[in-house]
Amino acid sequence: SSKLVVAFLPKSKGNAYFISCKAGAEKAAKELGVELLFDGPTDSNAAKQNEIVENWITLGVDVIAVAAENKEGISTALRKAQRAGIKVVTYDADAMPDARSFFVNQATPEGIGHALMDDAARLLNGEGDFAMIVATLTAANQREWQKHIEARLKEKYPKMKLVAVRPCDDLKDKAQSEATAMMSANPNLKLIMAICSPGVPGAAEAVKQAGKTGKVKVIGLGLPNENRRYVHEGVTDTVILWNTGDLGYLTIHAGVALAKGDLKPGAKSFKAGSLGSFAVQGDNILLGKPFAFNKGNIDQFNF
Amino acid sequence: MSRYFRELSVVGALAVALIAMAVFAPAFFQPQPLLSLATREAPTLVVACGMALVIICRQIDISVGSMFSVVSVCTGILAARGWPLLLVLPIAAGLGAALGALNGALVAGLRLPSIVVTLATMVALRQGLNLVRQGEFVNMPDTVQWFGLPQATGQWVLVICALALLAALGLGLRHLAAGRFVYAVGTDAEAARLAGIRPQLVTFGVFVFIGALTGLAAMMNIVQSPQVQPLSGMGLELKVIAAVVVGGVAISGGRGNLWGAFAGLLLLACVAPALTHLRIEAYWEKAIQGAIILLAVVADGLRERRQA
Amino acid sequence: MLLLYVLIAEWLFFYFAGTTVNRRGVTVGFGTLDRQFDILRHSCEIGLLALALTPVIITAGIDLSVGSLLGLCAILFGKFWHDGGLPIPIAATLALGCGALGGALNAALITALRLPPLIVTLGTYSLFRGLAEAITRGSVTYTNFPEGFLFIGQERWLGLPAQAWLFFAVAIGVWVLVHRMTFGRSFRAIGFSPEGARYAGLPVDRHIALAYILAGLIAALAAIIYTARLGQAKADAGTGYELFAITAVVLGGTSIFGGRGSVTGTLLGVAAIAVLKSGLASLPVVMRMNAAEEMSGVLTGALLLLALTAGVLPRLWSQRRARHAAVPKTLPTS
Amino acid sequence: MTPPLLELRRLTKSFGGARALRGVDFDLKAGEVHALLGENGAGKSTLIKIVTGAHQPDGGTIMVGGELAEDLTPAAAQALGIACVYQQPALFPDLSVAENIALRLERGGVLRTVGWRARHGCARDLLQRIGAEIDPATEVRSLSMPEQQLVEIACALGSGARIVIMDEPTASLTHKEQHLLFTVVRELRKSGVGVIYISHRLEEIFALADRVTVLRDGESVGTHPVSSMNEAGLIRMMVGREVAQIYPPSESAPGEVVLALRDVGCAASGVRGVTLDVRAGEVVGLAGLVGAGRTELARVLFGLTPADSGEISLNGQRVTLRSPGEAVAQGIAYVPEDRRRHGVVLEMPIAHNMTMAVHGQLFRGAWLRFGAERSLTLDYIRDLAVKCSGPFAPGGSLSGGNQQKVSLARWLATKPKVLILDEPTQGVDVGAKSEIHKIVRRLAKEGLAVLLISSDLPEVIGMSDRIGVMRGGALTAVLPGGADAHAVMAAALGTTERGAA
Ligand SMILES: Nc1ncnc2c1ncn2[C@@H]1O[C@H](COP(=O)(O)OP(=O)(O)OP(=O)(O)O)[C@@H](O)[C@H]1O
Ligand SMILES: Nc1ncnc2c1ncn2[C@@H]1O[C@H](COP(=O)(O)OP(=O)(O)OP(=O)(O)O)[C@@H](O)[C@H]1O
Ligand SMILES: [Mg+2]
Ligand SMILES: [Mg+2]
């Protein structure tokens, strides 16, 4: 066929977050008349990501868009793709700069870290104990976010204390167990911050079951659909995220533009179909600021 | 007394652990979190009962995790479509039993080694589920959660159901002829045959049984939260095998009981929350669980050596 | 032998169905040399574990801990090199030593205390992975390995992916051990009848220990290759590999009851799984369903059951025939 | 006329190549004790296993109470009223005595509940009836062999069967227990039960049985009323030749002491204070009743259960034997009693079996040399006249006697100084038996020290230069070769029991 082939690699393909990215990507692919391949590991596994990319190289796709599970791990494969004449963009989580042309940056780690920490501080009036639930602790962007959260905490909120960080293996059930244990171990806990998407509903379910709705607040990074119920019930206060559909949409547009030669290194801005223009900072295409979903606005979104 | 030495020593270890918690982290003992813990472990307990049966029968089933996921998702979809739970419940058990029957037919009918058969069905079922569902969650309506009961009531219902199942199975294993057959076949299938038992039938039955129990456990799982995650059964097989073995069921068959398996499960299930309470970093969890398993078997080995 | 035909059929099928010429006139897909090399590259680690497990399973044992040990050794290797500041070769040697030590722990528990291998290695499965996570506190990832080291995992040497040479060397080593040395004989005797082997004066415990220590050593080598391929050492390395390795070994005709089995069978088993997985990923139909991984899982499971069933069918058939043949003779004679 | 309780016609059964039964006829009437007699391996156990449904016959008919019983399974046989005491107790070691008895006796649906109290009561009653003092709650694994046998007997007794089969029930019983058993059997007969009674002890048969059927090499050679038979006649029927069997004469003059035992004991296996010398070129027989501890002594010498007291010397040098490997290195070879489990690895080729103990010598540097292996194997196949389809036929495809030769070849290949043979001719046909005897003689002539354990009294007496007699783990007497059989038996039984035997 004469269609361009764009391959879109999530960290894990069952994750609702990436499924919503895929919806935007599909929309863009349709508009642009390109063929979209979507494949990824079912669990977040760096080795499998590599294998999929290498398969795509021998399949001779035109563009590969990657959310990197692990920076170093994937970069070798991506460099190989570039040598084979394939255009590479990353989204959601970046690879090494020399292994891709552009990174579609949903929000800087700093921006995310600050937004979460500031929101936590706002809810607790800058004072009290809080805990964190993270994914596997091995995911690079989780580490990055955690680092910025802790930096912000140190710098601006001396009266707040991070009492526990527990991994949930990207499993909601595990997040729930961990949150339950954290609450009983720390009676003064005021807030749980979950920075992976299964973690937020998991923590919310734990708070709800413990009958501590309102006493222990839940915030985190997550999808509106997964958290809608808890936000309405008042268990979860705020969910912070960017528009994931737009992220997928923008990524495909950037990849195709790169393959067609419409987007070149050094560009200052980039126009992506119906979404209009985006700023380009160096080799980062910026999606915009993270968005806070709360009781007031969450029903306007469906992803 | 000495007959139940093995089970009692696990209970002893559990008691020591709980006393230690009472001294060092009394906050561990709060009714609500403990109820939550019990609720979440309830499905595991049901599967562990089935696993104990299978291992006593000198077989093993490592496909329970995959069966659990498959039944969770299938019945989750039915429940989400508004099928009445009273109808979904037997479907869950039936689906589980059917999957178990597949394992049972291959193991008992063709006399294939159970570890390999269930390894194959484990991989095939898990990947089959991923193939069809692509890892997607099933969203459940509110009416399904806790069977539509208030949360606390629902939690108690689940815990009591699991304990009732445990009690029924534990008593049945000891006091029903069928239970004694399982021990007989696990001890020596040839001697059982000579005694007029049909070992292949018992083996088949045990696999059907663990399937049905896994189906029930899946049902107990889907009523607990508003979403059903297809990965929910991941690693369940190793967790229950570990619990059963720590609880004194001999992997060589014919020895052990459900009470021990129950104690073993409690011991392992307490590790993660206990670590949180003792403010030990989470990364030690797996290592500690591994150490508990090894400790249990090493103790067994040493005891047997002394006796021999 | 059946497996060899399956493998050839599989390969030919994917060669014809999975190879296309793309828009730019380049041949792409399964039939390209690059893809064949990728298959080789990606099967090295699981292949090594399968080789490690072959002698163990021939002794009627099992080792569930090899995947976890791979993870632990990868982490230790990274730690020796990065935190310990040791040169790569020394770090690698130390990691290999740790692998052998891990195998020795299994061996000690299994032989000295006569514990069932399934349970011992289930325990060390958790223990090794747990230690890997504890050492890195779950979060440290060792990266930035020097180019020279990454060469092993990512570049070609004498035309083949560099790690393939290591893999073949180990394969030949294990083949010689199992098929050309007395150890292999001993493994088989132990697998068929441990008491029989003891009564023949064979050092049963020492040879069982050898099988497990070797398995640990090979798992450590797989860890180093894995690290070199991905350029990172992380606590989750090799998760679930043990199951694939066991599948490959059993598919290759090694009996889980011990005694029977061959290294060539294991290699064929590894190849059959790898070709299936990679081949499916290049079929357009499967690609559109984005389900190569899942489909290959389902098919591998089915293939395994098929192979097992094919193995027992002759037995069942002869039993049935014997029974039928006996029927006329049992009729009353009066 | 009422049909016989049990009627077997032209039963045949083969195991692989070995034909265990070649067309056996047999019948059992109500209210009789019918003895079944035959040499080791004659097919007695096989016959009764077919009757109890444990084995399927290849051909022939089984009639129970005048009705054709087809596709007999153990459950079906029990339903027909057939109960059996097997030669090797088929009990569940992990279950209690009461449970074992109940598993045999209780019938009904799988959902029937277990009445523990009734169960224990029933078990206690049954055990009392046969006079066994065993607590029904103990686990079977902690019982001794004779106690397990008693539990088996209790099972058969309690089943209310019309046909009770006993396969060497007295083999491991003490004198007192035997008496109780006899009473039980007579009681059964009185109540109209048919009893099939297998025993090698002729005196028991004369004391107990009404009729006797003799099996030889898988065929029935005749059924006679016991009253019309005498001992010599029965033996003639069993062996098909005169009793005075020809054993090859001793040709060698004993040389230096090769193996010297001084007060050797092993607490774990019950061997106590054994003092014995075995010289080069000498065959020392070890006689004793089953369970006398001869195998245990052999296991001590082979390092399987190392000695914990006393001294073992080889060629005048003190040695410690802690593992079979060490024993082999010192030049001790042991041809074990249970050849199917210990003697040969059934699944492995003959060649691999034969070279298994000489890996170190034959394969330098652990590297297999197939040529050397093949020629060594062919040599032994020729020397010992092993009947096989080739050096790579699996060990399991051979008949018992040929398996024994393979097991023997394995140890001859090690060029041992001391050869321990444990029941070398058990379950071996007459031809192979005399071949093995010749081989043993030849080896002795070549200067080997041979320790021959055998339960076949004529064999020990005929083959040995000296006879050691064991009882209860101790060596109670050393008699000269060709000693009187009664003297040997007296030593084996202990003089106090002599009169009863
Ligand atoms: N399961 C089996 N597989 C192969 N061969 C067997 C099996 N059972 C018995 N045999 C062979 O069948 C023949 C008859 O054995 P059987 O046990 O019936 O003899 P027996 O008369 O009971 O001897 P004994 O007095 O030693 O008990 C022997 O040659 C024996 O080796
Ligand atoms: N499997 C067993 N379980 C329990 N006790 C056993 C077992 N085998 C043997 N014994 C007991 O060990 C003791 C010694 O038995 P051993 O086999 O050494 O006797 P033996 O003289 O070699 O007799 P034979 O060789 O004729 O059977 C006996 O008291 C016997 O009852
Ligand atoms: Mg017999
Ligand atoms: Mg003996």
Side-chain angles (χ1 to χ4, degrees), chain B residues 60 62-63 66 102 106 109-117 119-135 234-235 238-239 241-242 245-246 250-252 268 280-302 304-305 308, chain C residues 62 64-65 68 105 109-110 112-120 122-139 235 240 243-244 246-247 250-251 255-257 289-291 293-309 311-313 315-316:
Chain B
I60 198 154
I62 54 176
S63 69
S66 296
L102 173 70
L106 290 166
L110 297 182
R111 312 205 178 186
L112 296 173
S114 56
I115 184 164
V116 186
V117 166
L119 171 67
T121 50
M122 167 198 180
V123 174
L125 286 178
R126 169 153 303 144
Q127 299 296 356
L129 181 66
N130 285 341
L131 181 65
V132 176
R133 297 287 302 172
Q134 297 281 315
M234 220 42 164
L238 296 181
K239 191 171 167 189
I241 293 171
V245 167
V246 168
I251 201 81
S252 50
L268 288 178
I280 296 173
E281 287 178 281
Y283 325 112
W284 286 100
E285 181 183 334
K286 270 192 203 133
I288 290 176
Q289 281 178 343
I292 290 179
I293 300 173
L294 288 180
L295 216 66
V297 289
V298 166
D300 269 358
L302 289 176
E304 229 148 73
R305 259 203 138 179
Chain C
I62 188 100
L64 295 180
S65 73
S68 301
L105 174 64
L109 293 172
I110 291 166
L113 293 178
R114 311 230 164 278
L115 298 173
L118 182 71
I119 297 307
V120 167
L122 175 66
T124 49
Y125 161 90
S126 288
L127 183 70
F128 293 153
R129 182 72 65 202
L131 286 178
E133 289 183 359
I135 289 170
T136 54
R137 309 177 70 233
S139 58
L243 292 182
F244 283 103
I246 294 171
T247 309
V250 174
L251 195 58
S255 162
I256 204 85
F257 296 128
M289 293 168 64
N290 62 60
E293 167 94 24
E294 291 80 358
M295 217 176 254
S296 74
V298 175
L299 288 177
T300 307
L303 193 62
L304 186 55
L305 287 181
L306 219 70
L308 287 171
T309 312
V312 297
L313 275 185
R315 193 189 72 205
L316 290 180

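Chain letters run A, B, ... following the sequence lines, proteins first and then strands; every chain starts at 1.
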Side-chain contact, heavy-atom cut-off 4.5 Å: C/Ile246 with C/Leu64?
yes
Side chain / backbone / both / neither for [X] at chain B, heavy atoms under 4.5 Å:
X        : value
C/Ile119 : both
C/Leu115 : side chain
C/Tyr125 : side chain
C/Ile256 : side chain
C/Leu109 : side chain
C/Phe257 : side chain

Ignoring hydrogens, what is the shortest heavy-atom contact between C/Leu127 and B/Ala287? Give both atom names and the distance.
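Distance-wise, the nearest heavy atoms are CD1-O, 3.5 Å.
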Shortest non-hydrogen contact from C/Ala307 toward C/Leu251:
CB-CD1, 3.9 Å
Any side-chain to backbone donor/acceptor pair from C/Arg129 onto C/Ser65? Under 3.5 Å, distance only.
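Answer holds: no.
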Any sub-3.5 Å donor-acceptor pair from B/Ser114's side-chain atoms to B/Ile60's backbone N or O?
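Pair found, side chain donor or acceptor close to backbone of B/Ile60.
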Residue among [options] with most heavy-atom pairs under 4.5 Å to chain B:
options                                : answer
C/Gly240, C/Ala291, C/Ser126           : C/Ser126
C/Leu308, C/Val312, C/Leu131, C/Thr247 : C/Leu308
C/Glu294, C/Arg114, C/Glu293           : C/Glu294

Quick check on B/Val245 against chain C: is it the side chain, the backbone, both or neither that has a heavy atom closer than 4.5 Å?
side chain
Between B/Leu110 and chain C, with a heavy-atom cut-off of 4.5 Å, which part of the residue counts as in contact: side chain, backbone, both or neither?
both
Roughly how far, to the nearest 0.5 Å, is CG of C/Leu118 from CD1 of B/Ile251?
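B/Ile251 atom CD1 to C/Leu118 atom CG measures 5.0 Å (nearest 0.5 Å).
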Residue selection (most heavy-atom pairs with chain C, distance under 4.5 Å) from B/Asp300, B/Asn130, B/Leu129, B/Ile62
B/Asn130
Top residue by heavy-atom pair count (under 4.5 Å) with chain C, among B/Ile293, B/Leu294, B/Val123?
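Among B/Ile293, B/Leu294, B/Val123, the one with the most close pairs to chain C is B/Leu294.
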With sequence neighbours excluded, tell me which residues meet salt bridge (charged side-chain N to carboxylate O under 4.0 Å, His left out) with B/Glu285.
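B/Glu285 satisfies salt bridge (charged side-chain N to carboxylate O under 4.0 Å, His left out) with no other residue.
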Under the criterion side chain to side chain contact (heavy atoms under 4.5 Å, CB included), I'd like the reasoning laid out for B/Leu119 against B/Ile115: C-alpha separation, chi angles, the key distance, then a yes or no.
CA-CA 6 Å; B/Leu119 171 67; B/Ile115 184 164; 5.6 Å; no
Using atom types as modelled, flag every donor-acceptor pair under 3.5 Å from a side chain in residues 298-306 of chain C to any protein atom, sequence neighbours excluded.
unit_1	atom_1	unit_2	atom_2	d
C/Thr300	OG1	C/Ser296	O	2.5

